[in-house]
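First the proteins, then the strands, lettered A, B, ... as listed; each starts at 1.
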Amino acid sequence: MFRDFLLPKVGMAAITIFATSAVVFGALYLAPGDPVTFLTKGRPADPATIAAITQQYHLNDPLITRYQLWVSGVLHGDLGQSIMFRQDVTTLVGSRMPTTLWLVAMASVLIVTVGIGVGLFSALRPGKLDDSLMLGATLAAAVPIFVIAIALVSFFSIRLGWFPTFGSGESGGFLDRLKHLTLPAVALAFAAVAFVARITRASLREEMDKEHVRAARSRGLASSDVVRRHVVRNGFAPIVTVTGLTIAGLFVGTAIIEKAFALNGIGGLLIDAVSAGDFPVVQAIALLMVIVFILTNLGTDLLQHYLDPRQRRAVKE
Amino acid sequence: MARTGIAYVTACLGVAVTLAACSSTPSDTPSGSASSVPDVTQATPFAPMSPPATKPLPSVTWALAMGEPVSLDPISPFNSSTNVPLANMCEPLLRQQPDGAIVAGLASSFETPDATTYVFKLRDAKFWDGSTMTSADVVASLSRAKDATLGSGYAGDFAGVDSVTATDPNTVTIKLKQADSLFTARMTTGAGTVLSKAFIDKTGGKFGTSDTGLMCTGPYQLESWKSGDSINVTAFSGWWGLADTKPLVPKAKFVFITDEAAITAASVAGDIDGAFGIPKVAIERLNQGGGAGKAFTAPAGLIREYSMLFGGAFGNVKLRQAMAKGLDYNGINTAVFGATAQAARTLVSPSLWGQGPARAVFEQGYNAIPLPAQNIDEGKKLVAESGVSNPTVVIAAAQGYKEQVTLANAARQAAEAVGIKATVKELPVEQFAALYSPDPKAREGIDMFFLTDIAVLPNPLGFYAYITLPTGAGNWAGWNDKQAQDLVNQALAATDPVKQAELTNQAQAVVMDQLPFIPVSYQLATLYLKDGVTGVQAGEPSNFFWPWLAYVGGQ
Amino acid sequence: MAPLLSVEGLVVDLPVRGPTGRTHHRIIDGVSFDVAPGEAVGLVGESGSGKSLTLRSVVRLLPEGAEVRGSLRFADADVLTMNRKQLNALRSSGVATIFQDPRAAVNPMRTVGDFVLEGPVRAGGRNRDEVLREALGLLTDVGIDRPEQRLRQYPHELSGGMLQRIVIAAAILSRPQLLLADEPTTALDVTTQSDVIAILDEQRHERGLAMVFVTHDLDLAAAICDRTCVMYAGRIVEDQLSSTLHDAPQHPYTAALVAARPVLDIDAGCELPVLRAIRGRPASAYEAPSGCPFEPRCNHAEPACSATRPPEVNSGCSRVACFRASELRGILALEVETHA
């Protein structure tokens, strides 16, 4: 198991992370935006200042040298200093990680429960309700995330006053955090819930039409047994993959949500860092997101591996 | 030498491009409309923005609409996110009152034995850690502010300073190379802000970040800065000013909300108690009523203007004047800026006239300038008089910023109306920002662009020195007008405030005739206050350096 | 003897989503046949003739929204009016179905043992250990070696032929009275086809089970079925003893099917066998003309054939639906013979 399955996967993951970091580094180098302009606020600065900044951040060194410096730093556990905040990137990103993780975790719970739940219901109960649910899901998946944020806030925060309009509730307790992050999580999960619901329904419907399900019915199995043992169990493979990838993709969506709800997460930080040309921060967050994505993917693969005997045995042979 | 104005493009440019458009514009082609923008033709006596506070409040939550400050170091370049909270924590030698008067700050008094010597007597003030402020702290702080390599945004203010000396523990003597009538005004900003020397030494100069903190003397001390989440301050029980002013709010939390929809929602829902610089959409929504608070506006030191570059057709003054005649000021202001615009006669808002005998002189000078108005026929005549056949210009706009593009197009229409052929060129933000950097290459092929500029000194001379003198940071266009420069230099050397104001008025008249900049409107400071919260006295610039929070409370 | 299964006037309409909304297409248009206990009946026809759907109708294994009319009786019980529970009882112990492709019909995610035991234990409510013991015996009977190990394996680890034998064993394990076999060898390798057929035939005879066997292979039907029903456009056009069908077809369609078989003629030496295709393309019930559905493709059609539908006429132990059946008898036999 370890040698045949996990080892190659981990190897691939390491190569992917390395390649991504190089690409991000290069892209940032080519992108407009330069730390000098940011630090001097685009205002005239005397040559000594510019020289000091240039020296401190190795801005005059060739790309390769800068990349090497960065990589050797990372390998020694040093992600560098934020140009914007003049703080250790590790501290900066670390302090903002919990909010993003909470947000993504809450959104994931919504996606798994509501998305799969609605899909399951729709798949098993064809009819008017199913049709309207799926139409709703198609529309929901098309609404931009910030529009949803605005709509949620104007209804649940302003009209009803149930939830705060902004903030992560970090200083409060568990319930406070939950209350603060509910709307952001709903907004973040909205399109994904709709997407997962549609995938779930499609996958289960497809499974229901399979011959082995018909065969199971032909043997007089109770409907609930057929659904549980044959439809859901088999239809879950694609659902797990899609849900896993969707959840990994949520990290990208956090950027917009964190801005819209003024949350102190890494997504919002990424936006600020990109516009300031704060490459140590961008690099660290990009790396983090890639790692999260790869880990989620790996997790999905493992789960898939466990779920589908065909994959399991194939590796064994 | 003089650096009293601070250029920044629009309030938006610091915010991420990926988010929704910065400023929504009802129409892309502003045209004259029935409603008009208010004009200030006389010096209205200072009126507080909101009534004085009478009751204590347990705490307030204040939103910073420009986002999280990148630093709370007092010398970091001026930025409303940094300065709005910092004004309550760290104090300058002299203070700029909400009405513009310059009064005693950490210096209880000062003497000017001659035009180039200032002797500051320090008051008995304590830092938050209980230690006493001395002249050593002042010298250490001012030498940091002078040092551009530390990232100081105020180094230019020290260009004319010869030496800063601690004469005794309570006295600081500053010698200038030549007379500078703006020097006291400069000492009301980050240039004159005092930090604990012990703290500077202890932290190796690396402070004002979320993990190192601060050590100052102000009415509020920094309790915590949770990165990305909030800055929390609590009232300092050892503040020297308690005898006169008792803060009504024991603690305050500054939160960072840049998203326009989010700050609008937070204001309407009453999740925040106050915020400066709320966007136009928030004002419009709050004015509809039904929200948890109200929007206020007040004059500020912000000028919206077109910067004219001299490399092409606009090197000809007649064409600049023609351009100014072509613009539909009222149309642009109502369509793009709405409630945040005030008609501009000059480049310096009346809120910067300060107090004292000079104020009336500034008022006279201001009223002597006619309110700019569109006059196409006159514009065409000026183009004909220019002697330039088929003039063409290129107007730059920052790509992706709707307001920028709209204003560039409005300028293009104006130019073509008077007979100047114009094209709009959209530049990436970084390239656009380089237009007002010292590098002349960045401006090649560009003839004009729109920006918002801010002045923080309560004296119009500050801004005119900034755009007139060859060393002025606002003179990126390289405008070289001997008459204007002489007048500004004389005003800087004048010791009598009335004389200084008269000379400034003359310089202003030259500037408004020669038009290195064409004013579009003054940007009003905006404020949100939740119902029941009051005590904010003025907009900008005083709130950037005046401990405004010490006056906030309930009603 | 009372028939075990009696189908009378079966009509099945399937829903289709057309451009103008939901409509129905008729697939089976009045099918009647009986199956006596222990009797094997073949249903033969081209694809689209409705033979598989007829088979599935027997246990009401029809797509969502299908409309069924007519009468379907199994062991004297009305199948069409059965409730869920009765139907499940019928499926779990009265009738067992063997599908075309064992790879598709066995859940790939579950073990073979799970598949084998699921029917009798979960649906039939029998004791697991007892069923397991019986299953092991049955698997050996159908030629599976190391049955305990096989039960622990997954479908993809077994060959198609082995899997189909397991499917047959599982069908028999539920102790049915009737087997429904839907082209059970089409998906298998040619080499294993005859093995599987032999096992099916052997098991059926051993237990005296009745069977409905669907195939497009006339010879195969003739080989293992007592009677063969030839279907065309959702109807049975001819129903005859398998032993005589081949030499004495009574319907022009049957004759054409017989003639269309590829037969290797040893006497012809190296010459390629002549394939005599039936002209035209097979029609489904809903697109068939109002007269005889085979009329457009029939070499013997007369104007009268397109006017009305020919009734099914019984003669002795056979039944045919052709206006000209009696006059064509000799001609059709000749046609078949010339070819063979």
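- Put simply, the side chain of Ser230(B) never gets that close to the backbone of Val255(B): no donor and acceptor are under 3.5 Å apart.
- When the candidates Thr91(A), Thr165(A), Asp88(A), Val153(A) are compared by the number of heavy-atom contacts under 4.5 Å with chain B, Thr165(A) comes out ahead.
- For the residue pair Thr209(B)/Trp225(B), the side-chain donor-acceptor check at 3.5 Å is not satisfied.
- Heavy atoms closer than 4.5 Å to chain B are found in the side chain of Ile150(A), but not in its backbone.
- Between Phe293(A) and Phe251(A), the distance from one ring center to the other does not fall under 6.0 angstrom.
- With chain B as the partner, the residue from Leu269(A), Asn264(A), Ile158(A) showing the most heavy-atom pairs under 4.5 Å is Asn264(A).
- At most 12 heavy atoms of other shown residues, nucleotides or ligands fall within 6.0 angstrom of atom CZ in Phe190(A).
- Interface remark: Ser227(B) contributes backbone and side-chain atoms alike to the contact with chain A (heavy atom separation under 4.5 Å).
- Side-chain contact between Ser80(B) and Phe544(B): present, with at least one pair of heavy atoms (C-beta onward) separated by less than 4.5 Å.
- For the set Val268(B), Thr264(B), Leu435(B), Ile257(B), the entry with the most heavy-atom pairs within less than 4.5 Å of chain A is Ile257(B).
- No part of Ser267(B) comes within reach of chain A, as not one of its non-hydrogen atoms sits under 4.5 angstrom from that chain.
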